[in-house]
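Numbering of ligands and ligand atoms starts at 1, following listing order. We're numbering straight along the sequence, starting at 1.
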Amino acid sequence: MTDPVSNTPREIRETFREFFGAHARVFRAPGRVNLIGEHTDYNDGFVLPAAIDRCVWAAVSPRRDSRLIVRSTNFPGAVEIDLEETNPRAAHHWGDYIYGVAVMLTRAGHRLRGANLLIRGDVPIGAGLSSSAAVEVATALALLENSGLTLDCVELAKLCRRAENEFVGARVGIMDQFISCLAQGGHALCLDCRSLEHRWLQLPRDVSLVICNTMVTHQLAGNEYNTRRTECEEGVRLLSRSLPDIRALRDVSPEQLQHHAPELPPTILKRCRHVVLENARVCDAAVALERGDLAGFGCLMRESHQSLRDDYEVSCAELDLMVALAEEQEGVYGTRMTGGGFGGCTISLVKSNAVVTFQRAVSAAYLAKTGLKPQIWVSSAAAGAGEAG
Ligand code: GLA
């Protein structure tokens with residue numbers, strides 16, 4: 001990384017002083033990669049993400065009035081938010097993530113003080129690494145602490161998700177906010193998105209998480225995401241005629257889906273098949289990781305990608321190419337697209353001693369085939385959000 005994490009809180013405090021002339025406290029929240037369990041969270045299913053070493057920082061100092069003055073080193077201009085506004089509305093602007101968090105905290109009964117805020121992030125935007133959840137979580141922590149308040153991590157994650165669902169208008173699941181709040185260094189987190197039961201699974205030391213950014217983001221991603229959700233809901237509606245006890249695709253077993261497949265139109269069947277089998281894969285992957293069976297884990301990653309490509313149809317040519325190039329390399333256990341899809345990043349589990357060759361070979365081959373220079377980096381599995389030193 002060109003931007004050493006250890007220097008960042010000091011730098012951000014200096015920038016804050018230039019903007020606001022005050023001393024700031026700094027909070028950080030990480031982005032994430034999802035190792036397996038894609039598009040399962042909003043189907044009440046299972047996911048297995050890890051936090052990454054790229055994060056968002058929120059620096060904060062109190063104000064005497066009831067306004068939030070927000071600046072970002074990533075975007076020009078300032079955003080002004082009145083905490084007493086009785087009819088808060090999204091402006092389709094980066095400030096919505098901050099405004100949404102302030103609104104949801106207030107609606108949940110937390111009395112916020114006015115604040116100056118500076119947001120800075122190094123999670124690539126639109127790359128499927130969950131920069132928006134990191135902004136939400138860092139902001140929520142900063143606003144709470146600035147008001148002398150604290151909140152349990154699970155409640156914090158739920159509230160940030162609500163900001164994105166109800167204020168920003170993206171119907172995302174709980175995965176991104178949850179891992180940003182609850183991650184533990186060196187571990188992935190296996191989460192049941194219905195009960196929110198979770199356990200941390202240690203990642204082997206001699207294996208690296210290698211993230212490859214295809215450098216493409218597809219404009220349609222937001223609409224397509226909501227369409228997939230609707231298709232899953234339609235699957236539940238149709239299946240519940242024969243299976244009256246199901247509430248979500250999480251409740252459907254692979255055998256049940258196979259049995260009732262003729263009751264579903266072809267596209268809905270494909271979407272359901274991805275979700276139902278992906279849930280099973282996450283459970284198998286967690287067991288494989290606990291047993292140290294990385295080859296088994298890697299096979300499940302590969303199957304997950306194929307299913308996202310063929311059944312859920314959220315991959316794209318660049319992601320498929322990156323996966324194919326990664327799979328050709330020595331020391332790779334498995335690779336798949338990570339996040340919502342339609343561009344963004346892949347995640348590979350790679351033997352640590354094979355990483356340098358991997359980076360060089362994949363980068364050169366991807367550039368030769370696409371004309372795009374990918375960003376490829378190794379991330380540690382980082383700790384969850386908190387105050388930065
Ligand atoms: C986005 C959403 C998550 C999840 C993934 C797909 O990252 O924010 O809630 O649905 O897509 O797994």
- Return the orientation label for the Phe75 and Trp94 ring planes: parallel under 30°, perpendicular over 60°, tilted otherwise. parallel

- Query: Hey, which residues fall under 4.0 Å of ligand 1 on heavy atoms?
  - Reply: Arg32, Glu38, His39, Asp41, Tyr42, Val172, Gly173, Met175, Asp176, Tyr225, Gly340

- Item | Residue pairs passing the salt bridge (Lys or Arg N to Asp or Glu O under 4.0 Å) test where at least one lies in residues 80-94, sequence neighbours excluded | Arg67-Glu80

- May I ask you to say whether Arg17 pairs ionically with Glu14, meaning some side-chain N is under 4.0 Å from a carboxylate O?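 No salt bridge links Arg17 with Glu14.
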
- Just jot down the ring-ring contact (aromatic ring centres under 6.0 Å, His included) partners of His93, sequence neighbours excluded, or say none. none

- Item | With sequence neighbours excluded, residues passing ring-ring contact (aromatic ring centres under 6.0 Å, His included) with Tyr99 | Phe167

- Message: We want to know whether Arg113 and Asn146 form a side-chain donor-acceptor pair, criterion being a heavy-atom distance below 3.5 angstrom.
- Response: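 Absent: no donor and acceptor within the cut-off.
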
